[in-house]
Amino acid sequence: MGLLTRLLTARSSPVLLRLPPYLSALCIIAGAAWLLVLPLEGNPRATYISENAILPGQVHTYFGGSEHNVFRAYRQEVWQLSQRSDHDRIAGLEQILQENGLKAAAQPYSWQVAGEEIAGTNVYGLIQGPRADATEAMVLIAAWRNFAGDINYSGVALVLTLARYLKRWSIWSKDIVVLIPDDSTYGPEAWVSAYHSTTSTVTSTRNITSLPIKAGALQGAVAIDYPAGPWGQRFEKIDVVYDGINGALPNLDLLNTAINIANNQMGVESTLHNVPNHQDNYLDRLTMLTKGLITQSVGHATGPHSAFMPYHIDAITLRTVGDGWHDEMTLGRTAESMIRSINNLLEHLHQSFFFYVLLGPYSFVSIGNYLPAAVIVAGGLTVTALAMWIRSGKAAPSPAPGKKQVPEKLEVLTDGDVVAVVPKSELETHERKMFLPALILVGVHLGGFVPLYLLNNISAPNLPLTFYNISAVTLILPLYLATHIARHTSPQQLQTLQSFSLLLLGATLSTLATLNFSLAFLVGLLCSPLSFARPLPRLPLLQFPTKATPTTPKPTTDPVAARLAISLPAILLYIAISPPAVLLALNAYFGKPLAWTLLEMAKGWCAQGVWTSLVIWAVWWPAWVVGGTVMLSGTFRAA
Amino acid sequence: MKLAVLLGLPATILSAVYAATDPHEYREHLHLKPLPGGSLYAGFSFNATTSLGSYDKQHYRYFPRSLAQILHYTHTAELHLRFSLGRWDEETWGSRPRSGLREGGNGVELWAWLESDAERKAEERWSDLVNSLSGLFCASLNFIDSGKTVRPLLSFDPEGSLREYQAMQERVTGRGQGELQLLHGMLPHEVVCTENLTPFLKLLPCKGKAGISSLLDGHKVFDSEWQTMSVDVRPACHASGTSWECQLEIQQTVDMVLNTERSQRPHDDPIPRPKPIEEIKCDASKSYNGEDTCYPVAFEGEQEWTLSKIFGRPLRASCLASGSDTHDVSLAVPSERTVEVISKSTVSHEGDNSTRSYYLPDDTDFDLHLPQQVLASNQQESETASVHASRQITGYGQERGGMHTTLHNPHPWPQDVIYLESLPWFLRPYVHTLSLSAGTIKKTYYTPLLDRQRGTQLELLIELPAESTVELTYDFEKAILRYSEYPPDANRGFDIPAAVIRVLPGNSTLGAPTRENYLRTTSLLLPLPTPDFTKVRQGLAGLKKLLAKSKAGVNAGDESNGKTMQESSSPVKEENGRPKEHKKSR
């Protein structure tokens with residue numbers, strides 16, 4: 001009781017009531033600063049191999065010698081196949097796999113996205129480990145077209161040569177699947193999805209045939225991206241690509257194994273996110289962190305390996321970079337050593353981290369150290385939400401200021417010897433009218449599904465137009481809500497509405513932070529100004545004459561110019577952080593055509609199962625609309 | 001008691017002398033058959049018999065005493081034990097050897113008919129049997145507990161004449177042994193290796209020193225593409241006049257498919273490093289063919305192989321000095337294939353067109369050499385397998401999954417198959433989701449699981465329409481195990497035993513074979529939600545530290561630090577000991 005009394009007394013403390021906005025701002029700044037602190041000397045941990053069974057680079061690799069001659073022939077063969085029709089190409093690839101004693105099969109797939117068809121045929125072969133018990137398998141991938149869209153001549157040839165070479169060994173504890181998908185994103189997606197489904201339920205948007213040959217549970221996948229043409233090209237570095245769909249990451253052990261093998265066993269420098277000459281200084285680490293943050297938050301596939309992540313299969317892509325002196329056999333031996341390491345595993349990769357932020361090939365930050373950044377930012381929103389809730393429960397200031405001040409009623413609380421006298425109004429909670437705010441909130445959230453649906457279902461040529469329309473509607477919607485709905489709501493209801501919205505946003509983002517940290521962090525940062533959205537001062541200029549109340553406007557103390565000076569930057573900032581504006585800005589920054597971005601987003605949602613669009617339109621967008629409604633409600637407030 | 005044994009002794013000798021004339025027989029046979037794709041099938045079989053009379057009096061000659069005593073003690077009338085590794089490639093190699101009757105699921109499989117008058121008694125005897133066999137074969141057979149034991153109704157029929165055997169036993173011992181009960185257990189995760197082969201060879205009269213068993217070397221047997229070892233004991237009774245003559249037969253087989261190229265690699269350099277380019281045949285017809293570019297040509301014709309090179313050791317002389325009247329080695333190759341027999345005293349016997357048979361010499365090694373050859377006629381057509389089956393787990397995630405079995409009938413006649421699935425208790429099938437894409441389920445026997453006590457047993461009699469692929473699917477839920485129930489390497493997942501498929505003899509008027517055959521799917525890996533054990537251990541260590549500190553606080557002063565630590569470790573021990581108590585209370 002003593003504590004309670006003290007708390008009740010503290011409730012009325014003016015300092016405490018003024019604290020939330022500052023606390024909220026502090027949270028946002030702290031969250032952003034947290035990330036900047038992470039790359040500081042001493043914070044990142046050095047990577048290490050946690051799973052003892054992997055033994056990276058401990059085996060002698062024998063891929064070489066006459067295999068090089070075979071590789072050159074296969075590269076020529078792949079080039080010849082590329083000149084022929086799709087049908088012939090698939091038959092040709094299957095034939096090479098079969099000649100080498102693999103069980104080969106093809107899998108056609110197609111998706112209908114935005115009126116366009118994504119179609120292709122995956123070719124794959126299976127090396128059944130003679131001594132394996134068919135319960136486990138690993139995948140070696142070379143997509144026919146790499147992620148950039150070039151034909152992966154050397155990659156495919158290398159995988160075919162490796163298939164021939166690996167088939168001769170009897171040491172495999174797992175089967176080896178050699179997969180040559182048609183492209184780097186949707187082919188692997190179709191393959192791995194068919195691998196885990198019973199029968200492919202053919203729908204108008206998804207048409208994936210089931211796999212005729214299957215092996216056991218997939219334990220790991222290594223993809224090779226080496227688009228050098230039929231006469232070859234030596235490379236300088238190996239870029240290890242690791243981001244999965246929806247920001248899922250492979251086990252850190254697999255990544256470390258690749259880097260360890262490339263650097264220590266093969267002597268090839270390996271990079272991440274294609275950051276060259278990583279000097280392990282603050283700036284390089286920050287660059288790496290930012291690149292990782294952006295890739296992860298987008299959540300789209302970054303290579304053939306990405307599709308495997310949602311199925312809890314650890315996968316990476318080895319991408320050759322630059323013009324150097326390492327030849328294809330080095331890449332082949334790297335892949336061989338990787339396969340040997342995965343083969344060593346007794347258990348599924350589980351020892352090391354699944355949640356990490358890489359700051360360099362040899363340094364990382366684990367979830368315990370980076371997660372607070374996103375949670376603090378989300379917490380900033382929650383703090384405002386709670387403050388709004390408390391404020392909405394307070395009795396509105398006396399309705400008629402002109403009336404004589406009635407002395408406040410006091411209440412005496414006793415706890416043993418302690419006696420406290422508290423104004424009665426502090427103990428009473430003003431009744432909150434929550435139905436309307438809740439209804440508006442639900443309505444706005446449901447409304448978010450309209451752009452989500454439209455942008456993922458309208459045919460590709462109409463996408464930009466639809467997007468511009470949605471942008472226009474998005475900008476008008478808060479205005480409309482402010483003039484039509486907010487006018488009929490009391491300030492208390494507006495506070496409740498904002499409280500609900502921010503509470504939901506804060507809770508969603510802190511949950512999302514555990515799934516896709518980067519997306520939660522970035523959306524949190526972009527939404528953080530919303531926690532400072534308050535009704536703007538009234539602008540008589542903007543009052544609709546018809547809606548104007550007949551009462552004579554009160555003489556105002558501050559001129560219109562001052563009000564405009566407050567309102568205009570606020571509204572401009574508000575527009576700047578709107579989802580469409582941010583999307584357009586990012587689009588302009590990366591120099592991609594809008595149509596392309598929108599189509600990729602639609603493809604991501606429909607064919608890859610990327611949830612980023614949902615977060616944008618069903619989490620971020622409603623919060624933004626509600627924030628604007630609250631803000632503009634002041635502008636159009638009836639005097 | 002001792003007196004009785006002493007008195008019984010002359011009778012034993014007498015019966016031994018009497019019995020030696022006929023029922024103690026031993027035969028061994030090796031069948032070799034090159035398979036498409038550069039593989040060689042080698043099927044070893046070793047048969048020994050003993051009369052029931054000698055068996056009851058514990059007199060053995062060729063019949064392995066160690067095994068017989070176990071069977072005697074556990075009242076096992078018929079026993080089938082399998083050790084298997086790898087997969088039979090039906091597509092390339094055709095139908096299974098011995099109609100799949102001597103194969104098991106991956107790992108170890110055991111089924112036996114036990115005599116007992118009560119179910120409890122049968123379980124006790126089964127437990128005795130698996131524990132004894134576990135010791136005999138150095139396999140973890142003792143892990144076949146009630147949770148892994150099923151009692152199939154349709155899938156297995158006794159091979160021996162059990163009824164007559166029982167009648168005989170009753171007459172000899174003077175008391176009925178009760179009903180015969182079939183129990184079946186599988187251990188899919190058991191890795192079959194040399195330590196199982198050695199006790200297997202010790203059961204043979206020549207113990208791998210002579211005869212065809214001298215070829216069996218662990219390095220080669222377990223480097224094969226597919227390998228299975230079996231031990232089968234069954235009573236065989238023949239009517240002789242008014243009464244029955246019963247024998248106990250043991251058949252031991254080792255079947256394997258060896259890759260001729262890999263098996264013949266030199267012992268000191270088994271690494272398949274790339275061959276020198278001169279040894280690779282290049283396709284000169286390719287436009288890019290050149291000094292540094294070589295498209296390898298697929299091998300054509302028959303590969304060269306030598307028996308002693310493939311098995312890494314020569315075949316020593318015949319096991320039984322007297323020799324047997326049946327041939328010991330048979331080789332199934334087309335008549336135009338050149339076969340060099342490297343042994344003087346061997347009598348070669350040309351059988352029908354495609355099989356050659358050889359008697360083993362009594363005193364010298366025996367070897368066969370088949371040179372590389374391109375045969376005029378195409379490779380012999382391998383017989384199509386009766387049914388193709390594959391089984392996979394579908395879905396992902398920690399909670400649910402699905403089982404997906406594909407049964408393919410390649411023949412133009414419908415076939416009846418019995419599909420037996422024995423699932424561990426932590427895989428909980430939703431039987432209402434069981435569905436068949438084509439064909440009909442004629443009979444279903446289903447025993448639901450009991451948590452931690454009994455797994456699911458599902459037996460289906462399915463009719464597969466002619467030339468069709470039937471998909472059998474059902475969904476299941478994954479149970480969450482207790483912390484202590486996880487095995488070592490828990491993150492590997494849990495092995496689900498193979499499904500046993502028995503193809504029933506078909507209607508001969510349609511051209512279907514009249515012999516039944518068996519096949520098994522591969523075993524599966526079921527990932528279960530697995531706790532982070534390092535965290536549990538950290539937690540326990542933290543608890544330990546906390547308790548130690550609190551206790552040290554209470555007993556501050558006079559007690560030494562070491563003692564406090566010792567005492568405080570007891571809660572942790574209790575934690576680990578608890579599951580054992582659970583088991584006992586059950």
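Residue numbering restarts at 1 for every chain, and letters A, B, ... go by the order of the sequence lines.
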For this session: Pick whichever of Leu345(A), Leu349(A), Leu346(A), Ile171(A) has the most heavy-atom pairs under 4.5 Å with chain B.
Result: Leu346(A)

Exercise. Does CH2 in Trp172(A) sit with more than 12 non-hydrogen atoms of other residues, nucleotides or ligands closer than 6.0 Å?
Worked result: yes

Seminar exercise, completed: Turns out that what part of Arg265(B) lies under 4.5 Å from chain A's heavy atoms comes down to side chain

Exercise. Between the side chain of His305(A) and the main-chain N/O of Pro250(A), is any donor-acceptor distance below 3.5 Å?
Worked result: no

Exercise. Is Arg262(B) paired with Asp223(B) through a side-chain N to carboxylate O contact shorter than 4.0 Å?
Worked result: yes

Exercise. For Glu225(B), is it the side chain, the backbone, both, or neither that has a heavy atom closer than 4.5 Å to a heavy atom of chain A?
Worked result: both

Problem set entry | chain A contact via Gln227(B) - side chain, backbone, both or neither, heavy atoms under 4.5 Å | neither

Seminar exercise, completed: Under 4.5 Å to a heavy atom of chain A? For Ser523(B) that would be both

For this session: Please list, chain by chain and in numerical order, all residues satisfying salt bridge (charged side-chain N to carboxylate O under 4.0 Å, His left out) with Lys281(B), sequence neighbours excluded.
Result: none

Problem set entry | Heavy-atom pair count under 4.5 Å with chain B, highest-scoring of Pro230(A), Gly64(A), Ser193(A) | Gly64(A)

Problem set entry | Atom group of Ser224(B) that falls short of 4.5 Å from chain A, counting heavy atoms | backbone

Exercise. Under 4.0 Å between a Lys/Arg side-chain N and an Asp/Glu carboxylate O for Arg82(B) and Glu103(B)?
Worked result: no

Exercise. Just by modelled atom types, is the Asn491(B) backbone N or O under 3.5 Å from a matching donor or acceptor in the Tyr486(B) side chain?
Worked result: no

Exercise. So, does Trp88(B) use its side chain to make a donor-acceptor pair with the main chain of Gly94(B) at under 3.5 Å?
Worked result: yes

Exercise. Tyr295(B) versus chain A, heavy atoms under 4.5 Å apart: side chain, backbone, both or neither?
Worked result: both

For this session: Look at the side chain of Thr433(B) and the backbone N and O of Asp475(B), then say whether any donor-acceptor pair between them is shorter than 3.5 Å.
Result: yes

Problem set entry | Segment of Asp89(B) engaging chain A (4.5 angstrom heavy-atom cut-off) | side chain

Exercise. Is it the side chain or the backbone of Ala53(A) that comes within 4.5 Å of chain B heavy atoms, both, or neither?
Worked result: neither

Problem set entry | Heavy-atom pair count under 4.5 Å with chain A, highest-scoring of Leu524(B), Ile271(B), Ile393(B), Leu85(B) | Ile271(B)

Problem set entry | When His68(A), Arg75(A), Gln128(A) are compared by non-hydrogen pairs under 4.5 Å with chain B, the top option | Gln128(A)

Exercise. Looking only at atom types and distance, does a side-chain atom of Arg391(B) sit under 3.5 Å from a main-chain N or O of Met403(B), one as donor and one as acceptor?
Worked result: no

Exercise. Are Trp93(B) and Tyr41(B) near enough that their ring centres are under 6.0 Å apart?
Worked result: no

Exercise. What parts of residues 95-107 of chain A touch chain B if we use heavy atoms and a cut-off under 4.5 Å?
Worked result: Ile96(A), Glu99(A), Lys103(A)

For this session: Considering only heavy atoms and a distance below 4.5 Å, find which of Pro296(B), Ala298(B), Gly86(B) pairs most often with chain A.
Result: Pro296(B)

Problem set entry | Heavy-atom proximity to chain B below 4.5 Å, by part of Arg164(A) | side chain

Problem set entry | Part of Glu77(A) lying under 4.5 Å from any heavy atom of chain B | both

Exercise. For chain B, which of Glu67(A), Arg72(A), Gln219(A), Gln351(A) has the most heavy-atom pairs under 4.5 Å?
Worked result: Arg72(A)

Exercise. Side chain, backbone, both or neither: which part of Asn259(B) has an atom under 4.5 Å from a heavy atom of chain A?
Worked result: neither

For this session: Inspect the surroundings of CD in Gln83(A) and state if more than 12 heavy atoms from other residues, nucleotides or ligands are less than 6.0 Å away.
Result: yes

Exercise. Who are the salt bridge (charged side-chain N to carboxylate O under 4.0 Å, His left out) partners of Asp133(A), not counting sequence neighbours?
Worked result: Arg492(B)

Exercise. Just checking, any donor-acceptor pair under 3.5 angstrom between side chains of Glu328(A) and Ser154(A)?
Worked result: no

Problem set entry | Residue part contacting chain A, namely of Asn106(B), when any heavy atom lies under 4.5 Å | side chain

Problem set entry | Residues in side chain to side chain contact (heavy atoms under 4.5 Å, CB included) contact with Phe353(A), at least two apart in sequence or another chain | Arg45(A), Tyr48(A), Leu252(A), Tyr356(A), Phe364(A), Ser366(A)

Exercise. Is it the backbone or the side chain of Thr522(B) that comes under 4.5 Å from a heavy atom of chain A, or both, or neither?
Worked result: side chain

For this session: Kindly assign one of parallel, tilted or perpendicular to the pair Tyr62(A) and His60(A), based on the angle between their ring planes and the thresholds 30° and 60°.
Result: tilted

Seminar exercise, completed: Counting heavy-atom pairs under 4.5 angstrom with chain A, the leader among Thr293(B), Asp292(B), Leu525(B) is Asp292(B)

Exercise. Which bit of Ile280(B) comes within less than 4.5 Å of chain A, counting heavy atoms only: side chain, backbone, both or neither?
Worked result: side chain

Exercise. Looking only at side chains, do Thr469(B) and His408(B) share a donor and an acceptor under 3.5 Å apart?
Worked result: yes

Exercise. For His350(A), is it the side chain, the backbone, both, or neither that has a heavy atom closer than 4.5 Å to a heavy atom of chain B?
Worked result: side chain

Problem set entry | Residue part contacting chain B, namely of Pro310(A), when any heavy atom lies under 4.5 Å | backbone

Exercise. Are any side-chain N or O atoms of Ser66(A) and backbone N or O atoms of Pro274(B), one a donor and one an acceptor, separated by less than 3.5 Å?
Worked result: no

